[in-house]
Amino acid sequence: MGLPSPKRVLLRRAFFDRPPQTVAPDLLGKILVHRIGDTILSGRIVETEAYLGLDDPASHAYTGLSAANEVLFGTTGLAHVYLIYGLHHCLSISAHAKGHAGGVLLRALLPMEGIDMMSRLRGKPGKTDAGWLTGGPGRIGQALGINRSTHNGLDVTRKASTLWVADDGFGCGSISITKRIGITKAADHPLRFVCQQV
DNA sequence: CCAAAGATCTACT
DNA sequence: GTAGATCTTTGGG
């Protein structure tokens, strides 16, 4: 029983056809979903950062088009998955106005479905604390089983990708905006968005 | 070719 | 609070 489950709809490509600093706050409250076989792993997005492309020294797109960052140029709504410090797979989604480049890094989720598989993937079965499980870009990658070779370039506006973003209408109550974390260049811009209430 | 840095996390002092 | 892990990509010689 209980309340009816809210209907989830896929985000459309047009959602991502806007500057990253506009898309990043709008992604708060949306749901990232990864299907592995019959198992669904999902969580509500509660922290994002915008990376502005060619004009942003902190962006992976700053130095221009290359094999490593091609997802950030061209079609929007694609998964940009990269390995950082040789250890952590992080997920961002390409977002920019036509003719530009850029993306939005997913920094934290509130886990929804598949929590025990997430805790297993994180290496401590049974440990389900949300902050530990999916609080941080590297933790999201590990908890959801995301890696560059499998997921880089997937279209998150299509369920067939097995990795997608949906909207169940809940959104995010109040948003706080701060400087971005973990960067040394262009560190002073207010481009980090955190969901305070869900 | 080699060196260095990187949109990070964990463990240990 | 600081250091170590571990590897891809980039920039300099």
Side-chain angles (χ1 to χ4, degrees), chain A residues 16 18-28 30 32 41 43 45-74 76-96 100-111 118-154 156 163 165 175-195:
Chain A
F16 299 99
R18 300 176 288 147
Q21 62 270 40
T22 304
V23 175
D26 288 353
L27 270 175
L28 296 178
K30 304 299 189 287
L32 176 67
L41 305 178
I45 298 166
V46 292
E47 181 180 342
T48 59
E49 277 176 355
Y51 286 88
L52 309 188
L54 292 163
D55 299 320
D56 178 5
S59 173
H60 288 161
Y62 182 62
T63 50
L65 180 61
S66 72
N69 66 15
E70 61 182 355
V71 168
L72 297 173
F73 295 77
T76 62
L78 305 189
H80 171 233
V81 182
Y82 62 93
L83 183 64
I84 190 67
Y85 298 110
L87 295 168
H88 309 290
H89 294 274
C90 301
L91 168 66
S92 66
I93 301 173
S94 62
H96 54 80
H100 291 73
V104 176
L105 173 67
L106 304 188
R107 291 194 57 91
L109 307 178
L110 290 183
M118 289 188 201
S119 72
R120 264 180 273 133
L121 288 168
R122 288 275 292 116
K124 294 192 178 176
K127 184 167 168 106
T128 58
D129 171 68
W132 177 81
L133 213 50
T134 50
R139 291 171 178 153
I140 291 176
Q142 189 178 21
L144 294 218
I146 292 168
N147 64 77
R148 177 168 168 86
S149 56
T150 310
H151 304 280
N152 190 54
L154 291 186
V156 304
L163 181 68
V165 180
I175 298 172
S176 75
I177 306 176
T178 76
K179 295 175 183 179
R180 294 177 292 186
I181 290 179
I183 55 172
T184 55
K185 292 169 290 188
D188 290 333
H189 303 281
L191 293 171
R192 172 171 171 258
F193 303 88
V194 184
C195 193

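Of the listed nucleotides (C:dT10, B:dT8, B:dA7), B:dT8 has the atom at the smallest distance from the side chain of A:Tyr85. Ranking C:dC7, B:dA7, B:dT10 by closeness to the A:Ile84 side chain, first place goes to B:dA7. If you check B:dT8, B:dA7, B:dT10 against the side chain of A:Trp132, the one that comes closest is B:dT10. Distance from the side chain of A:Arg139 is smallest for B:dT10 among the nucleotides B:dT10, C:dT6, C:dT9. Minimum atom distance to the side chain of A:Thr184 is reached by B:dG6, of the listed B:dA7, B:dG6, C:dT9. Distances from the side chain of A:Thr63 to the nucleotides B:dT8, C:dC7, C:dG11 place C:dG11 closest.
If you take atom P in B:dA5 and the same atom in C:dA3, they sit 15 Å apart, rounded to whole Å.
As the counterpart of C:dT6, no nucleotide is assigned, since no Watson-Crick or G-U wobble pattern has both distances under 3.5 Å.
In this entry the distance linking NZ of A:Lys127 with P of B:dC9 reads 14 Å, nearest Å. Taking atom CD of residue A:Glu49 and atom C1' of nucleotide B:dG6, one finds them 14 Å apart after rounding to whole Å. At whole-Å resolution of the value, NE2 in A:His89 and C1' in B:dC9 are 14 Å apart. In this structure, A:Glu47 places its CD atom 10 Å from P of B:dT8, rounding to the nearest Å. In this structure, A:Leu87 places its CG atom 14 Å from C1' of C:dA3, rounding to the nearest Å. Summarising the geometry, the separation between NZ on A:Lys179 and P on B:dA7 is reported as 18 Å, rounded to the nearest angstrom. Rounded to whole Å, atom P of B:dT8 lies 7 Å from atom CG of A:Leu105. One can place OH of A:Tyr82 at 16 Å from C1' of C:dT10, the figure rounded to the nearest angstrom.
Taking side-chain N and O atoms only, A:His88 has no distance below 4.0 Å to OP1 or OP2 of B:dC9. Residue A:Ser66 places at least one side-chain N or O closer than 4.0 Å to OP1 or OP2 of C:dT10. At least one side-chain nitrogen or oxygen of A:Arg107 sits closer than 4.0 Å to the OP1 or OP2 atom of B:dT8.
Side chains of A:Leu52 and A:His189 form no contact here, defined as non-hydrogen atoms less than 4.5 Å apart.
In this pair, A:Tyr51 lays its aromatic ring flat on the base of B:dA7, centres within 5.5 Å and planes under 30 degrees apart.
Summarising the local packing, OH of A:Tyr62 is surrounded by 12 or fewer heavy atoms from other residues, nucleotides or ligands at distances under 6.0 Å.
Base engagement by A:Leu72 is indicated by at least one non-hydrogen atom pair under 4.0 Å involving a base atom. When heavy atoms are screened at a 4.0 angstrom cut-off, A:Arg122 is found touching the sugar-phosphate backbone but no base atom. Residue A:Ala68 is classed as a sugar-phosphate contact, given heavy-atom separations below 4.0 Å to backbone atoms only.
Here the CZ-CG distance, from A:Arg180 to A:Leu105, works out to 10.0 Å after rounding to the nearest 0.5 Å.
Between A:Ile183 and A:Lys124, the residue whose closest nucleotide on DNA chain B is further toward the 5' end is A:Ile183. If you find the closest nucleotide of DNA chain C to A:Asn69 and to A:Gly86, the one lying nearer the 5' end belongs to A:Gly86.
Looking at A:Ser94 and A:His80, their side chains never bring a donor and an acceptor atom within 3.5 Å of each other.
The closest donor-acceptor contact from the side chain of A:Arg122 to the backbone of A:Met118 lies at 3.5 Å or more, if one exists at all. Listed for the A:Ser119 side chain is no donor-acceptor partner under 3.5 Å among the backbone atoms of A:Thr128.
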